Every structure is written in structure tokens, then in C-alpha cells.
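Per chain, numbering begins at 1; letters A, B, ... match sequence-line order. Remember, predicted model here, so these are calculated numbers, not experimental data. Below, all heavy atoms of this structure are taken into account, side chains as well, without hydrogens, waters or symmetry copies.
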Amino acid sequence: MGFSAETLNENRIVLLLADSRRLKLTNTAVIKELTSNDYSVMLISVTLPNIVIRRTYEAAGIDMNKVFVVDAVTKYSGGPTVPDDIHCRYISNPGNLTDIGIVITEGLKTLPGDKKCLFLDDISTMLLYSPSVTISKFIHFITNKLRLFDVAGVFLAVERGLDPALLTQISTFADLVETVDEAEGTKNSG
Amino acid sequence: MISVLLVDDDPALLEITRIYLTKNKEMVIDTAQSAGEALEKLKKTTYEVIVSDYDMPVQTGIEFLKTLRLSGDLTPFIIFTGKGQEQVAMDAINNGADFYLIRAGDPKNEFLALTHKIRKAVEQRHADLAIKESEERLRKLLYSLPSGVLVIDSETHVVLQANPAALLMMGAKEQDILGKRCFGLVCPSEERQCPITDLGQKFDSIERLLVRKDGAGIPVLKSVARITLGKRPVLVESFIDLSEQKKVERELHESREKYRTLVEEIHDMIWLIDAKGMFKYVSPRSITLLGYHPEELIGHSPSEFISFEDANYVRDIFTKNFEEHKELHLIETHARTKDGRLIILESSAIPYYSKNGALLGYRGVSRDITEIKKGEEVQALLAAIVTSSDDSVTSEDLHHIITSWNTGAERMYGYTREEMIGTNSHKMVPEEEMGALHDILQQVVKGEHVEHFNTFRIRKDGKRVEISLSLSPILDHRGQIVGVAKIARDLTKQRETEKALLAYITETAMRLKNPVELIGDRLADIRDQIKAGDVTPDELLLQLKIQIKNTEQIVSNLRELNMAISSGFTNIPEAYQKYLKR
């Protein structure tokens, strides 16, 4: 895994592009890198339920006290939720961007530590539930929030899964676009 | 009474002679006793006859005679003397004396002879004066005649006299003509071939050629009279110059020929109808126009050749205009040709009158405008198509000055027809398009085929509009390129459609194709978890439910896109719209 938490020192918001088959691995690797570098992470998950995230992260040795999950799929799929879980908030469905936005705004305030990062998993799956125009506006909204609260951000998306216009727009919101290479880890795209 | 001056130095003889001569009261006698006295009397009065003695002191009768004649006095002079010398008689006659009488016999006979000679001298004098006056009158007449007159000796053919008109016509002076033979000089005939004297022809107002001094011949109307002047037989040739008349005739002929050619060769049919409305003249163009020879039309009414629908109308117009002496102006009628075709004639006519102002009929011209009318109909149809077209249809000359501008162009560019006609079309062309347009226009002007192409124009409101433009040359009736026709189609809607379609396709890719791949990858991951025994049944179930939800969402997205497409495009067939909305 080539993503380095140090990247976020200069580039506070990074768009990370990965092959769809390596999304879960990339997800885990980035969270591990962030938490290992004392980042408190707010994970917006539209792909995996909280229960699978926890098992997967714990198996990877990630300190789950540093991870706050915003789970947008468990409720939607009728899965079990933990009512008083202080490390997780459940959203009704991945297309409910209003609620996700509210949770992000609240969560960024309460996220512990000095080093904070928001991780969005992933933009490509979000496009299943919202039009690209809406997604673009949402990303713009989040980046503004992150910059306001001086919180870093990593947005994961499937490589070649965004149309050129949307990719260009989101790239302008990010400070850095990195493509995760299967063999070499990551490489800077600009 | 004859006035006589008697001159004699012998007073007795003077008195005897006077008494004798006045005896019959036929003569009035004055007397002088010397030549000097006689000359003094002659200064104051004139006499019809002078009778003088020869032998007188101071001045003889011959010397007196000489003095008289030298002074120009031609009064008849009779020497009446007692000296019968032959030499004196010769001198007297030679110096102009009319008679010489000798007193040498019986005085009664002498005076009788003198009386007779006086009478004779007076008669001769009167005759000479009469001849002289006659000659003078003749000369004046000859000189005042506008026609040329030559008097030619009919035996020698020598020109005796030529009047100024003749000399003027011949471009000669008297010395060039008079005394010379007429052959080849004034007449083209050769010697012994004189039409009058040798061939016995009579010339009475016959056209002949008069040979001028410079050798040129001029046409003359010639008459020749054979008369005798004195005892000399002469030819009096009189001629009138026909050059001017011939010139006028030639010009008149040419003018008539031009008129005839004009009338007969002109593409239109010229006609004349009389007061009864019947053809009186029809030009030969009727053959090509109507198929009838002029003689088939003359005497017939034009209404016989006009379609029955128009016949009454034409008859009414003709009758009304005839009554009001009005012109017929551009009357359109359908005429039936001899072979049954219906053609459209356009006719105009003006009334013509007799010298006393009576209307005699109409002179007119008819032309076949069938093709023009057809052309006008086609043109009207094309104009209607152009006017109603949504496309911009414009034309301009070779200097890019706009000559036509339809409503489609008004809509597309925002400029009205009035704003654009007469202005340069390049004001709407963006600067970066000018080079390409120039090259394409060059191709069009050369007559080369040009495919339609996409370009931009600047509307009146300053906005750019993308158009598909096709250019075609405009040819005049000689086939010369005189302008360019431009048909432009607004690509704005097409571009919007293309953009929308691209957006739909992209959206479809992002929200359908990519998620399907993601679901496939997630299922593969779940399979790996199962293989590794790394998943509980609840987790497995939840993950599968998530992928089912994702799949349901894909179907929902597909329906949503179908709805958007079927609602956004009006030209999708109904059956397909139903299918897409299903």
C-alpha cells in the first residue's frame, strides 16, 4: 500500500482512485495507515455494513477507537444495528445525502484528537443512489466543511468509474488525485 | 412717228429733205448743220434714225459715225450724200452705217429711197433690239434654271453653251466644256453612238448618268430637244440632278428594309386591327407564335384565336377602350395555337387615326409569356418554400452583399430582412472562421462542388450560433456565376440533443455499468470470505442483502433513465415510449 498519511500534511484532501477489485483492500490499508498515524477517522461507508467493517478492521489490527463509522447500508438492507454504539451512526440509505451531511457536520466537531480525517468509501457506489450532479455538489459541500474544520479527507473511487466531467469537477475540489496501482501501490496523478 | 435727225451743212438741202420726209406725217425731223451740232443734240435726246451727209466741213459724216459708234451709240445711221465714191461707201458700211444713199438722180426718187431706208433701218433696229432682248431673256432664263442645260451642236457634237447649274453639276468651268465634243465629256456614249443623233432615241425625262469633270457619274433625269438656233441644228439637253433624290430613296429603302426586318424578325407578333376589330396586318412571327400564317389571320377577329374563357373579357376591353380611344396595356390572354396548344399572350396596343382624326383601329404587339408565367409560378412556389423554411436561406452577390434574407434567417440570426439586405454578410462571421470561409467561397465561385460544413455565426445579440452551412453558386441567364446561395441549419438543438444523449450515456455508464461491476467484485469478495471461513451467516446474509439492494437500485436507475429518455425526445415512436416506460 503506497498511500501515506504524510501526504495529508500538505494535501489535505485526496481523491484516491483504485481498481474495483481492490476497493476493500485499499479501504482497509488507508484506515490502517491513518489510524497508525494518530488520525481519528470518520468513515462514510456506502459499501460495507458496520459489522463487517469492524471485523475486517480488527482483523487488520486497526484501533477501532479511532474510527467513527457512518453506516449507510445496514439499515437500508434490513441488517441489525447497535443502538448505543458511540462509534457508529446509521443512515437510512446511501442516497440520503442530507442525513449523511448532518452526521458529518456533527461528527467532525466531536471527532477526538488533533489529527482528523474523513474517509468516503466510495464515490462510485454513491453514484448508484444519486445522480452525478448531486454527488458533485455533495463532495463540494463536504470539502468545504473539511476545510472549514481543518480536517483531512480521503475520497475513494473506482478508477475509470467516474465520467470525465465528474472526475474533473471532483479533482478541482481535491488537493491531490492518486491512483492506486496494484503492483506499485499508489502514484501521484496531479 | 419716227424721230429722225438730219445732219447736213447745206441748210437748203436740210429744209428740202425735212419737208419731204414730213410730208406723210410719218416722221418727226430734227436738223443739225454739222456733226458737232448733231452730237450736242444727241446728248440731250435720242433719235430712231440719223441721216447724215458725208461731205461736211470740220467732221465728215464717216468721222461723225465713228464718234457715235465709239461712244456706244448704235442708232441706225444712213449716209445720204452727193458723193458716190466706192471707197466712202465701204468706209461707211465698215464703220457701222446701216445704209449708204447717193443723191444723184431724180430728187423724188432719192427722197422715196431715203424714206424707205429710214423705215427699213428702224425695222431692223427694232428687230435687233427684239432679238437682243430675247437673247437676254433666254440667257437670264437659262442662268436662273435650277436644272442643268447644255446646248450642243447636233452635227459636230460640240458644246455651245452650258448654264451655271450644268457647270455646277459637272464640277466644271465654261472653258472645260464649251467648244469641246460631248462624247465622254458629258455623256458616257461613244462617238457615232449618240443616242439622239445616231441611234434615233428620244429622251424625255429619262434617268441617265452625267459624267462629271472628275470622271464620276451622277444620276440625272434627262430630256433632250432637237431645235434649230439660227440655222444651226442643236441639241438642248436639260437635266435634273437626282443624287439627292436617289440618296433619299436609298435611305427610305433602307429605312423600310430595317422596319420590315424589325417587324418580321422581332420575337413578338406585330399586328394591326381595323375599326371592326379584324386583323388588317399580322407579322410573320404569327407562324412561330400561333402556328398560323399571316394570311390565315388577316380578316379574322383576334377573339377567334383566344380561349373562350378570355374571349368575352377581351371583347369587352377592346370595345370599352375603342370607345374611349384608350391604349390597351399588357392584356394577358390564353390563345389557342393552330395545333391546339394553349399559350399565354401579353398584348399592348395603341389606337391609330386617319388624317381627319377618325379612329381607324389599333396597332399592337403580342408576346408569348407562357414560359415566363410558368417560371413565375415555379418561382412563387420556391419563394413560398424558402419563406416558410425553418432554415436560413439567403443569397449574396460576389461582393458578399446580401440580396435576399428569409424569415428562417431572421429567426436564426436575429436580424430582420430590412436590416440585412444590401449589407455585407461577413459582419456575422467570427474572425477565426474568415479564412476557411474565404477558401470555400473561392471554390463555389469557381463552380466546384462544396459539401456542407459546420461553422459558427454571430447573432445580432452577440451570441454565437453553430450552423451547418451549404453553399451553391447562383447563375444568371448566361450561366455566369453572379452570386452565392446559402442555406444554414441551426445546430443548437442538435448539439443540445447530443449533449443530453452524452449525459445520459455517461450517467448510464456510471449508474448502471460501473455498479454492476462493483456488485460482481463484492460478490467475489463475499465468496472469498466464505472460502476463508471468515464470515458469519448473519454477516453473509447482510452483505448479500446489500448487493440485492444495489441490484434493485440499478433496475430503478434504469427505469428512471428510460423515463427521462422517453420524456425528453418527442420523436420516439409511441410503441417504444410505452416500452421504455414499462
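- Here the OG1 atom belonging to A:T125 is positioned 4.5 Å from the CG atom belonging to B:L518, to the nearest 0.5 angstrom.
- A side-chain N or O of A:Y129 and one of B:N550 form a donor-acceptor pair less than 3.5 Å apart.
- Of the atoms belonging to A:P131, heavy atoms from both backbone and side chain fall under 4.5 Å from chain B.
- Other residues, nucleotides and ligands contribute more than 12 heavy atoms inside 6.0 Å of the CG atom of B:D461.
- The candidate from A:T47, A:L23, A:N93 with the greatest count of non-hydrogen atom pairs under 4.5 Å with chain B is A:T47.
- At a 4.5 Å heavy-atom cutoff, A:T56 makes no contact with chain B through either its backbone or its side chain.
- The number of heavy-atom neighbours closer than 6.0 Å to CZ of B:R489, taken from other residues, nucleotides and ligands shown, is 12 or below.
- A 6.0 Å sphere centred on NE2 of B:H438 holds no more than 12 heavy atoms belonging to other residues, nucleotides or ligands.
- Comparing B:Q553, B:Q543, B:K545, B:Q529 by how many heavy-atom pairs each has under 4.5 Å with chain A, the most go to B:Q553.
- Nearest heavy atom pair, residue A:L128 against residue B:N557, reads O-ND2, 2.6 Å.
- Neither the backbone nor the side chain of B:D538 comes within contact range of chain A, judged by heavy atoms closer than 4.5 Å.
- Environment of CD in B:E552: crowded, with over 12 heavy atoms of neighbouring residues, nucleotides or ligands closer than 6.0 Å.
- By the neighbour-count criterion of 12 heavy atoms within 6.0 Å, atom NE2 of B:H452 is sparsely surrounded, having that number or fewer from other residues, nucleotides or ligands.
- Residue A:R160 touches chain B through its backbone alone, counting heavy-atom pairs closer than 4.5 Å.
- Taking every heavy atom of both residues into account, A:G79 and B:L542 meet most closely at CA-CD1, 3.3 Å.
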For this session: Test salt bridge (Lys or Arg N to Asp or Glu O under 4.0 Å) on B:D521 and A:R21 and set out the steps.
Result: CA-CA 5 Å; B:D521 292 337; A:R21 290 168 298 178; 5.2 Å; no
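- The most heavy-atom pairs under 4.5 Å with chain A, out of B:R522, B:E560, B:E517, come from B:R522.
- Only the side chain of A:D122 comes within contact range of chain B, judged by heavy atoms closer than 4.5 Å.
- Few gaps surround NZ on B:K427; more than 12 heavy atoms of other groups in view lie less than 6.0 Å from it.
- When the shell of 6.0 Å around CD of A:E6 is examined, it contains 12 or fewer heavy atoms from other residues, nucleotides or ligands.
- The environment of CD in B:E466 is crowded: more than 12 heavy-atom neighbours from other residues, nucleotides or ligands sit within 6.0 Å.
- Here the side chain of A:R55 pairs no donor or acceptor atom with the backbone of B:E539 at under 3.5 angstrom.
- The distance from atom NZ of A:K24 to atom CD1 of B:I526, rounded to the nearest 0.5 Å, is 8.0 Å.
- Of the two parts of A:V73, the backbone and the side chain both hold a non-hydrogen atom closer than 4.5 Å to a non-hydrogen atom of chain B.
- Here A:S77 contributes atom OG and B:I546 contributes atom CD1; the two are 4.0 Å apart, rounded to the nearest 0.5 Å.
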